[in-house]
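Below is one structure, written out as structure tokens, with a few remarks after it.
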Amino acid sequence: MSRSEPVEASNFIRNIVDKDVAAGKNDGQVVTRFPPEPNGYLHIGHAKSICLNFGIAGRYNGRCNLRFDDTNPERESEEYVNAIKQDVSWLGFEWNELRHASDYFDDLYEFARDLIRQDKAYVDSSTAEEVREMRGSLTEPGTPSPYRDRSIEENLDLFQRMKDGEFNDGEHILRAKIDMASGNINMRDPTLYRIRKVHHVRTGDKWSIYPMYDYTHCVSDAIEGITHSLCTLEFEDHRPLYDWVLDQLKTSCHPQQIEFARLSLEYTMLSKRRIIQLVEDKHVHGWDDPRMPTIIGMRRRGYTAASLRDFCERIGITKNDAWIEMAVLETCIRDQLNKEAPRRMAVLDPIKVTITDLPEGHEQMFSFANHPQDESAGTREVPFTREVFIDRDDFAEVPPPKYQRLVPGREVRLRGSYVIKCEEIIKDETGKVLELRCTHDPDTLGKKPEGRKVKGVIHWVSAVHGIPAQVRLYNPLFTLPDPAKADSLEAAINPESEIVLNSCVIEPALQQAESEQHFQFERIGYFVADRYDHTAASPVFNRTVTLRDTWAK
RNA sequence: UGGGCCGUCGCCAAGCGGUUAAGGCACCGGGUUUUGAUCCCGGCAUUCGGAGGUUCGAAUCCUCCCGGCCCAGCCA
């Protein structure tokens with residue numbers, strides 16, 4: 001607990017719950033739930049909902065359940081269930097109870113019979129097309145189904161036989177009997193149950209009918225004693241139906257549904273359909289590709305759980321359709337890693353530098369602070385030799401204005417070491433710089449050079465002790481702030497979203513790096529040892545984010 | 001006159017009839033610095049989509065207008 005999490009900001013949902021608790025509503029209890037459908041991996045948008053639901057519950061010493069909305073067995077799988085549990089835990093939250101909508105299939109069935117007995121539901125034997133036509137349009141009312149007035153007995157019988165598997169998919173549905181002329185299309189006799197003769201991960205082949213979201217969700221909430229059912233804006237139109245179902249059923253618990261805006265993040269795509277497409281069309285290497293907006297992808301990229309929580313806190317909760325800039329996310333991870341990541345030196349695109357006025361075989365050990373502002377982070381040994389590597393962009397034969405790095409005839413500081421001066425450039429026949437021959441000022445170790453100012457400082461790695469490594473650079477997956485606006489997914493993909501560097505050299509201390517350990521490579525950015533591919537024998541680092549760069553190029 | 005919802009600084013976002021209209025990100029200066037990082041200090045909405053109205057007083061209440069989002073799955 002070295003660093004405190006940011007102060008909680010007020011938002012309209014917190015205000016509502018505050019009032020409810022103060023008024024003693026629900027006996028002052030607060031119970032929420034995070035209800036994903038297990039049909040894909042969680043993404044940063046889900047993180048917003050997770051932080052909200054668990055956050056609200058935590059704030060009032062309440063409870064938050066993890067509930068899988070598993071009412072559509074065709075799209076759902078155990079792989080996703082497990083992944084979701086891991087992601088929620090990794091984010092740092094503990095659910096009160098783990099539930100499944102399918103736990104309530106028996107109750108749901110009995111409640112549906114209750115609705116039929118009340119003449120509030122009926123079996124419709126129209127085809128899907130007929131149902132759609134009779135629903136009307138946005139501006140025209142619907143027309144009642146010819147099956148709308150079936151007797152209660154017939155409905156009960158038909159519904160039972162639907163359950164018993166006497167009919168094929170699509171032959172009948174159970175509909176609520178509400179108002180075919182409602183301006184709200186969700187109230188035009190919405191479907192409650194459909195026939196689906198498919199195997200369910202948890203209930204097996206017991207059911208040949210499955211309840212719809214609108215019917216299942218409110219009942220599940222009520223069964224679990226949820227007090228505040230938080231969901232995204234597109235469900236606003238469903239709230240009257242949510243309330244209608246619970247009112248007919250006269251449940252003792254009637255949760256309050258409150259809607260908030262889903263997250264939109266620039267240069268990413270947060271629709272599940274599109275994310276699946278990225279994976280299936282192999283635009284990325286998988287759900288956990290470091291370029292993905294999935295929790296597991298961001299984790300692999302090097303985002304920490306705390307940084308994601310911080311992000312969710314910073315963006316707030318409102319009903320505005322807001323677009324969040326990438327800079328917000330990047331600030332969150334930089335803030336945290338700046339405080340916590342040990343510093344190291346790594347050269348991504350090496351040029352050899354020979355310090356000619358040092359004897360052949362010269363070797364020296366320096367002690368470097370692991371963190372410039374935090375002494376408790378300790379020190380490490382860094383070997384210095386006659387030959388070192390520096391990064392190619394830290395040298396310019398013809399420097400741009402205000403360039404502070406190495407230039408022919410000029411001096412620069414090798415970080416933590418001597419000031420060197422470039423005396424000679426050695427190139428190959430194509431003009432590519434192969435080696436720089438430099439001299440050093442022996443009187444500049446730990447002190448400023450006399451009689452002149454040397455502004456530039458560059459990082460380096462001993463050419464004899466450096467360790468070869470692979471470093472993966474990541475850039476936004478899309479070239480457009482709103483990739484959904486592109487003609488196609490591929491048209492918006494950034495061809496430079498992943499750059500793999502195979503000739504990098506890292507300082508020896510990095511030999512001890514463990515998978516998922518974070519570092520700052522000085523002057524370059526924050527990197528993480530790849531969760532899967534990194535080994536001591538062949539190190540692999542992913543760039544999480546660059547350092548802030550205010551050098552006006 | 002289909003129904004529902006939203007418009008406060010470039011991007012988020014507090015604000016709920018009396019405040020000099022919070023804060024963060026971004027940006028622009030200046031200082032410290034052996035990371036062009038960090039850190040520090042300063043700047044950044046006489047104005048709240050627009051127009052009317054109510055009021056001693058309006059971003060906050062009312063009316064109209066403008067702009068944007070969602071809904072016609074036997075998906076969630």
Side-chain angles (χ1 to χ4, degrees), chain A residues 6-7 9-12 15 35-37 39 69 71-72 74-76 124 126-128 131-133 135-142 169-175 181-188 190-196 209-210 212-214 216-217 231-240 259 261 266 272-273 313-332 334-335 338-339 343 345 371-373 402-405 413-417 419 444-448 454-459 520-525 546-553:
Chain A
V7 196
S10 140
N11 67 54
F12 80 101
N15 293 347
E37 183 188 12
N39 67 341
D69 235 321
T71 56
N72 189 352
E74 289 164 302
R75 329 195 295 174
E76 299 156 7
D124 194 332
S126 309
T127 64
V131 169
R132 174 160 38 79
E133 279 161 22
R135 187 152 30 229
S137 72
L138 293 178
T139 51
E140 298 155 332
D169 288 16
E171 280 189 58
H172 309 279
I173 52 174
L174 183 74
R175 301 178 75 176
S182 172
N184 182 347
I185 292 175
N186 293 302
M187 299 301 268
R188 319 238 264 229
T191 304
L192 266 24
Y193 271 91
R194 76 289 216 185
I195 300 172
R196 276 285 178 288
I209 53 173
Y210 290 96
M212 299 290 289
Y213 165 87
D214 281 309
T216 309
H217 206 87
C231 63
T232 42
L233 245 30
E234 66 270 24
F235 292 103
E236 274 178 316
D237 287 343
H238 296 241
R239 189 177 353 117
E259 310 86 9
E266 287 189 347
K272 223 174 218 174
R273 206 188 99 243
E313 196 57 46
R314 288 193 200 212
I315 59 177
I317 300 289
T318 65
K319 300 184 79 151
N320 294 343
D321 296 304
W323 277 87
I324 309 297
E325 294 176 341
M326 263 296 173
V328 180
L329 223 205
E330 293 181 342
T331 294
C332 293
R334 284 193 190 112
D335 261 19
N338 172 53
K339 290 168 193 151
R343 313 287 124 126
M345 292 199 291
H371 191 113
Q373 280 89 227
K402 298 195 178 165
Y403 192 73
Q404 297 177 3
R405 311 172 190 183
R413 159 86 62 185
L414 288 182
R415 160 125 252 229
S417 175
V419 167
T444 54
L445 192 59
K447 56 166 107 159
K448 293 191 187 340
V454 175
K455 179 86 172 137
V457 179
I458 63 175
H459 57 92
Q520 185 198 98
F521 290 176
E522 287 199 85
R523 301 209 315 126
I524 305 177
T546 61
L547 250 33
R548 200 159 157 268
D549 183 7
T550 51
W551 180 39
K553 249 194 174 164

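Excluded from the calculations below are hydrogen atoms, water molecules and symmetry mates; all remaining heavy atoms, backbone and side chain alike, are included. Convention: sequence-line order gives letters A, B, ...; per-chain numbering from 1. Because the structure is a prediction, the values reported are computed rather than measured.
At the phosphate of B:C11, neither OP1 nor OP2 sits under 4.0 Å from any side-chain N or O atom of A:Asn320. A sub-4.0 Å separation between OP1 or OP2 of B:G2 and a side-chain N or O of A:Ser182 is absent. In terms of phosphate contacts, A:Thr550 brings a side-chain nitrogen or oxygen within less than 4.0 Å of OP1 or OP2 of B:A37. OP1 or OP2 of B:A13 has at least one side-chain nitrogen or oxygen of A:Thr318 nearer than 4.0 Å. Listed pair A:Arg188 / B:G2 fails the phosphate criterion, with no side-chain N or O lying under 4.0 Å from OP1 or OP2. OP1 or OP2 of B:G36 lies within a sub-4.0 Å distance of a side-chain N or O belonging to A:Arg523. The shortest distance between the side-chain N/O atoms of A:Arg314 and the OP1/OP2 oxygens of B:A26 is not below 4.0 Å. OP1 or OP2 of B:G2 has not a single side-chain nitrogen or oxygen of A:Thr139 nearer than 4.0 Å. Look at A:Thr191 and you won't find any side-chain N or O under 4.0 angstrom from OP1 or OP2 of B:G73.
When heavy atoms are screened at a 4.0 angstrom cut-off, A:Ile317 is found touching the sugar-phosphate backbone but no base atom. Residue contacts for A:Tyr210: at a heavy-atom cut-off of 4.0 Å it reaches no nucleic acid atom on any strand shown. The residue A:Ser126 sits close to a base: some heavy atom pair falls under 4.0 Å. Residue contacts for A:Pro36: at a heavy-atom cut-off of 4.0 Å it reaches no nucleic acid atom on any strand shown. Within the nucleic acid shown, A:Ala128 comes within 4.0 Å of at least one base atom, counting heavy atoms only. Within the nucleic acid shown, A:Lys272 has no heavy atom closer than 4.0 Å to any nucleic acid atom. Within 4.0 Å of A:Asn11, counting heavy atoms only, lie sugar-phosphate atoms of the nucleic acid but no base atom. At the heavy-atom level, A:Arg75 lies under 4.0 Å from base atoms of the strands shown. Residue-level contact check: A:Phe521 touches neither bases nor backbone, having no heavy atom under 4.0 Å from any strand. Among the atoms of the strands shown, only primed sugar atoms or phosphate atoms (P, OP1, OP2) are found under 4.0 Å from some heavy atom of A:Arg135. Nucleic acid contact for A:Ile315: sugar-phosphate only, since backbone atoms but no base atoms lie under 4.0 Å from a heavy atom of the residue. Using a 4.0 Å heavy-atom cutoff across all strands shown, A:Gly446 reaches at least one base atom of the nucleic acid. As judged by a 4.0 angstrom heavy-atom cut-off over every strand, A:Met212 is placed among residues touching the sugar-phosphate backbone only. Counting non-hydrogen atoms under 4.0 angstrom, A:Gln404 reaches a base of the nucleic acid.
Between B:G15 and B:G23, the two C1' atoms lie 12 Å apart (nearest whole Å). The same atom, C1', is picked in B:A76 and in B:C61; the two are 39 Å apart, to the nearest Å. Atom name P, nucleotides B:G4 and B:C74: the rounded distance is 22 Å, in whole Å. Spacing of C1' atoms, B:G18 relative to B:C9, comes out at 24 Å, to the nearest Å. As rounded to the nearest Å, B:A51 and B:U32 have P atoms that lie 48 Å from one another.
Mapping A:Asn72 and A:Glu234 onto RNA chain B by nearest heavy atom places A:Glu234 at the nucleotide closer to the 5' end. Nearest-nucleotide positions on RNA chain B for A:Val328 and A:Ile524 put A:Val328 closer to the 5' end.
Pairing partner, B:G42: B:C28, with both Watson-Crick or wobble hydrogen-bond distances short of 3.5 Å.
A donor-acceptor contact under 3.5 Å links the side chain of A:Arg413 to the base of B:U34.
Judged purely by atom type and a 3.5 angstrom limit, A:Arg132 has no side-chain atom pairing as donor or acceptor with the backbone of A:Thr127.
The separation between A:Leu233 atom CG and B:G4 atom P is 15 Å, rounded to whole Å. Atom CD of A:Glu325 is separated from atom C1' of B:C9 by 12 Å (rounded to the nearest Å). Taking atom OH of A:Tyr213 as the reference point, atom C1' of B:C74 lies 17 Å away to the nearest angstrom. Nucleotide B:C12 holds its P atom 15 Å from the CG atom of A:Leu329, rounded to whole Å.
Checked by atom type, the side-chain pair A:Ser182/A:Asn184 shows no donor-acceptor distance below 3.5 Å.
Relative to the side chain of A:Arg343, the nucleotides B:U34, B:A72, B:U35 differ in distance, and B:U35 lies closest. Counting only heavy atoms from C-beta on, A:Arg548 has its side chain closest to B:U38 among B:G73, B:U38, B:G2.
Residue ring and base: A:Trp551 counts as stacked with B:G36 (centre distance below 5.5 Å, interplanar angle below 30°).
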